[in-house]
Amino acid sequence: MSDVPPEALLVTVAPTGAETAKADCPQLPTTLEELVAAARECEAAGAAMIHVHIRDDEHRPTLDQGRLKDTVAALREATDLVVQLSTGGSVHDPLDDRLKVLDAKPDSCSLTMGTTNFGDDVFSNPWPFVCDLYQLSQEREVVPEFELFDLGQVAALRRLLDRYGLPYGGRVHCDFVMGVPGGMPGTADALVAGVAALPPQVTSWSATGIGRTTLAVAMTALAKGGHLRVGMEDVLTISRGVPVESNTQLVERAVALGAIAQRRPMTPAEARSLLGLVGA
Ligand code: KMH
Ligand code: ZN
């Protein structure tokens with residue numbers, strides 16, 4: 001059992017993603033310096049974990065090994081945040097490159113539980129790949145966060161845990177990513193159904209709603225006792241037609257929503273305990 005009290009709220013920041021172009025959103029942190037600065041500010045505002053996608057010198061998504069390792073090192077040096085690398089990458093990344101993300105030795109990695117239509121693209125996560133990535137995370141002692149884009153993926157999580165056992169660290173944390181065109185809608189009803197279907201091994205969960213679904217999902221997650229993921233990977237407007245200024249602004253809003261629900265931001269040390277990271 002984790003000794004993290006129920007009022008502690010895990011706020012994960014997903015500052016960059018792979019979908020938004022720097023040219024369309026200059027405030028998106030795409031260089032290592034910008035990412036580290038955003039991470040520090042978000043930690044000060046109440047984030048305890050960072051979900052990381054990196055970019056190349058032209059600000060394009062990349063899974064370059066050297067850059068991934070440098071990014072993990074720089075974030076560890078500058079912050080206490082739990083560092084989670086995306087293994088989802090962009091819809092164009094080959095599955096082999098996505099497996100190699102674990103070579104960068106992050107604390108945590110995202111692990112999506114199935115293939116999803118993703119706008120006009122396909123975010124490919126065939127079952128054998130999911131199983132390979134999960135077993136690799138167990139071997140490499142990286143704590144996975146199971147990303148759930150659809151209700152069927154909740155059932156796939158149950159199947160995975162029943163077949164391969166618990167993750168490294170013994171805790172099961174998942175994240176509902178809602179409102180992707182092709183995935184489950186970002187509605188209260190869909191989140192309530194998803195939470196009801198979670199397998200018994202799950203010890204904690206968070207949720208994020210893409211775009212205009214962000215507030216409905218965040219408020220429902222708080223009402224159901226869950227945790228929050230926020231960030232410019234998921235939403236680029238703070239209200240209708242008003243661009244987000246920074247990731248910090250989104251973390252501050254999550255913390256303010258949490259306060260209304262009588263939750264206070266979890267520290268990174270508490271997040272390590274919640275997630276079963278050794279040495280919390
Ligand atoms: N960029 C999306 C195609 C993850 O990070 O694991 C996938 C994604 C999920 O963002
Ligand atoms: Zn991501």
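One-based numbering, in listed order, for ligands and for the atoms of each.
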**Request:** Just the protein N/O/S atoms under 2.8 Å from the Zn ion (ligand 2), please, no waters.
**Result:** His51 NE2, His53 NE2, Glu233 OE2
**Item:** Intermediate values then yes/no, side-chain contact (heavy atoms from CB on, under 4.5 Å), Val143 and Arg171
**Value:** CA-CA 8 Å; Val143 170; Arg171 317 235 355 129; over 6 Å; no
Could you go through residues 74-81 and list every donor-acceptor pair under 3.5 Å that involves a side-chain atom there, pairing it with any protein atom two or more places apart or in another chain?
{"residue": "Arg76", "atom": "NH2", "partner": "Lys105", "partner atom": "O", "Å": "3.1"}
{"residue": "Arg76", "atom": "NH2", "partner": "Asp107", "partner atom": "OD1", "Å": "3.0"}
{"residue": "Thr79", "atom": "OG1", "partner": "Leu75", "partner atom": "O", "Å": "2.8"}
{"residue": "Thr79", "atom": "OG1", "partner": "Leu81", "partner atom": "N", "Å": "3.2"}

Please tabulate protein-ligand N/O pairs under 3.5 Å for ligand 1, atom names and distances to 0.1 Å.
{"residue": "ligand 1", "atom": "1 (N)", "partner": "Glu19", "partner atom": "OE1", "Å": "3.4"}
{"residue": "ligand 1", "atom": "1 (N)", "partner": "Glu19", "partner atom": "OE2", "Å": "2.8"}
{"residue": "ligand 1", "atom": "1 (N)", "partner": "Gly89", "partner atom": "O", "Å": "2.8"}
{"residue": "ligand 1", "atom": "5 (O)", "partner": "His51", "partner atom": "NE2", "Å": "3.0"}
{"residue": "ligand 1", "atom": "5 (O)", "partner": "His53", "partner atom": "NE2", "Å": "3.1"}
{"residue": "ligand 1", "atom": "5 (O)", "partner": "Ser86", "partner atom": "OG", "Å": "2.7"}
{"residue": "ligand 1", "atom": "6 (O)", "partner": "Gly88", "partner atom": "N", "Å": "3.3"}
{"residue": "ligand 1", "atom": "6 (O)", "partner": "Ser110", "partner atom": "OG", "Å": "2.7"}
{"residue": "ligand 1", "atom": "10 (O)", "partner": "His53", "partner atom": "NE2", "Å": "3.3"}
{"residue": "ligand 1", "atom": "10 (O)", "partner": "Glu233", "partner atom": "OE2", "Å": "2.9"}

**Item:** Salt-bridge criterion met for Asp103 and Arg140 (N-O under 4.0 Å)
**Value:** yes
**Check: Ser273 side chain, Val4 main-chain N or O, donor-acceptor pair, under 3.5 Å** = no
**Message:** Are Phe176 and Phe149, when compared by the centres of their aromatic rings, separated by less than 6.0 Å?
**Reply:** no
**Message:** Under the rule for ring pair (Phe, Tyr, Trp, His ring centres under 6.0 Å), what residues qualify as partners of His173, not counting sequence neighbours?
**Reply:** none
**Request:** Apply the side chain to side chain donor-acceptor pair (under 3.5 Å) test between Asn125 and each candidate in Arg98, Glu147, Gln153; give the one that qualifies.
**Result:** Arg98
**Message:** Tell me whether Lys22 contacts the main-chain N or O of Leu28 through its side chain, where contact means a donor paired with an acceptor under 3.5 Å.
**Reply:** yes
**Complete:** When Cys131, Pro144, Pro167 are each screened for side-chain contact (heavy atoms from CB on, under 4.5 Å) with Leu160, the one that passes is Cys131
